[in-house]
Amino acid sequence: MHQPRPDLAPDGSLSRAEMESLQREIASVATFEDDLSFDPAVLSNPLEAAASGDEQPVVVGVDQSFLTNEDGEQDRALSAVVATRGGEVIERVHAVTDLEIPYIPGLLSFREGRPILAALEELSVEPDLFLFDGSGRIHFRQAGIATHIGVVRNVPSVGVAKSLLCGTPRENTDDLLEGTTIGIEANSRVDAPDGTLLGYAVQTRQYDSPNRYINPLYVSPGHRVGPETAADIALALSSSYKLPEPVRLADKYADEAKGEIDT
DNA sequence: GCGACAG
DNA sequence: ATCTTGTCGC
């Protein structure tokens, strides 16, 4: 149905107004409902899936680290990509590009998009799903980094953020039980009707008894994934750690690869 | 003017 | 994101 849209790739040389305009276009082209090439249930029940003959999808985690200049200033971004299938790592690639703009809330894809697309170019396997470290639809213009890259590559994607950019939780998100999800809806700061379901606060991990708590993740549709499925995917892919495995591995790889670079 | 603000 | 020791708890 949809096609890749390289013409909508993030460009750090655009003006702020042009960036925001491009994001509105990305949001209008994005699909915030399930349109996957596989049944997401296979991620939760790998054994049953295998017995039924269902193949595991290639789930790709993406994360960035930054390289500093001789003067101690961040001048390059390193994007790490880890492809997994059935819980196993099948490929890892990374790319480094110069940074064009500083970090600006709401314009993250224009800072990290280039290195991400460059790294994805190095991937030889065909991705069935992308998991990004950042928001998808939980974004001022409903076009976070997961949505932007998902649309450009036309690959189903999910945004996994460690903190909330915008939107309002429908209930308290303090000390939730593991497995709990709380809807995040649009508020006045979001370019969508108030109350629109943007994603979910997802408690992938939680301590048992002590007086210490883990904060939830904020999961939202990037492209071709609905909010419930996005949350289900985050839960299914999280095992021993708070972050879904593909993203956690990409995070670790981003640091390792960074350490193997000279200047 | 004031507050909010992914990585 | 990044800079970093100690410290709490299982």
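To find a chain, count down the sequence lines: A is the first, B the second, and so on, and within it residues start at 1. Remember, it's a predicted structure, so these values are computed and weren't measured experimentally.
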Closest nucleotide among [options] to the [X] side chain:
X: A:Asp63; options: B:dA6, C:dC8, B:dG7; value: B:dG7
X: A:Leu108; options: B:dG7, B:dA4, C:dT2; value: B:dG7
X: A:Ser163; options: B:dA6, C:dC8, B:dA4; value: B:dA6
X: A:Lys258; options: B:dA6, B:dA4, C:dC3; value: C:dC3

Give one of base, sugar-phosphate or nothing for [X], where a contact means two heavy atoms less than 4.0 Å apart.
X: A:Gly159; answer: nothing
X: A:Leu107; answer: base
X: A:Ile145; answer: base
X: A:Ser65; answer: sugar-phosphate

Thinking salt bridges, do [X] and [Y] make one under a 4.0 Å N-O criterion?
X: A:Lys252; Y: A:Glu256; result: no
X: A:Glu100; Y: A:Arg111; result: no
X: A:Glu245; Y: A:Arg248; result: yes

Task: DNA chain C: 5'-proximal contact among A:Arg212 and A:Phe66 (nearest heavy atom) - done: A:Phe66
Open item on the list: Taking atom types as they are modelled, would you say the side chain of A:Arg189 forms a donor-acceptor pair with the base of B:dC5 within the 3.5 Å cutoff?
Closed with: no
Between [X] ([atom1]) and [N] ([atom2]), how many Å, whole number?
X: A:Arg111; N: C:dT2; atom1: CZ; atom2: C1'; value: 11 Å
X: A:Arg137; N: B:dA6; atom1: CZ; atom2: C1'; value: 17 Å
X: A:Tyr200; N: B:dA6; atom1: OH; atom2: P; value: 23 Å
X: A:Lys252; N: C:dA1; atom1: NZ; atom2: C1'; value: 19 Å
X: A:Phe140; N: B:dG7; atom1: CZ; atom2: P; value: 12 Å
X: A:Leu164; N: B:dA6; atom1: CG; atom2: C1'; value: 9 Å
X: A:Arg141; N: B:dA6; atom1: CZ; atom2: P; value: 13 Å
X: A:Asp71; N: C:dT2; atom1: CG; atom2: C1'; value: 17 Å

Task: Where A:Leu43 and A:Pro57 come nearest, the two heavy atoms and their spacing - done: CD2-CG, 3.8 Å
Task: Whether A:Tyr103 stacks on the six-membered ring of B:dG7 base, 5.5 Å and 30° limits - done: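 Whether judged by distance or by angle, A:Tyr103 passes, so it stacks on the base of B:dG7.
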Task: Polar side chain donor-acceptor pair, A:Gln64 to A:Ser79, under 3.5 angstrom - done: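 Yes.
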Task: A:Lys162 side chain near B:dA6 phosphate (N/O to OP1/OP2, under 4.0 Å) - done: no
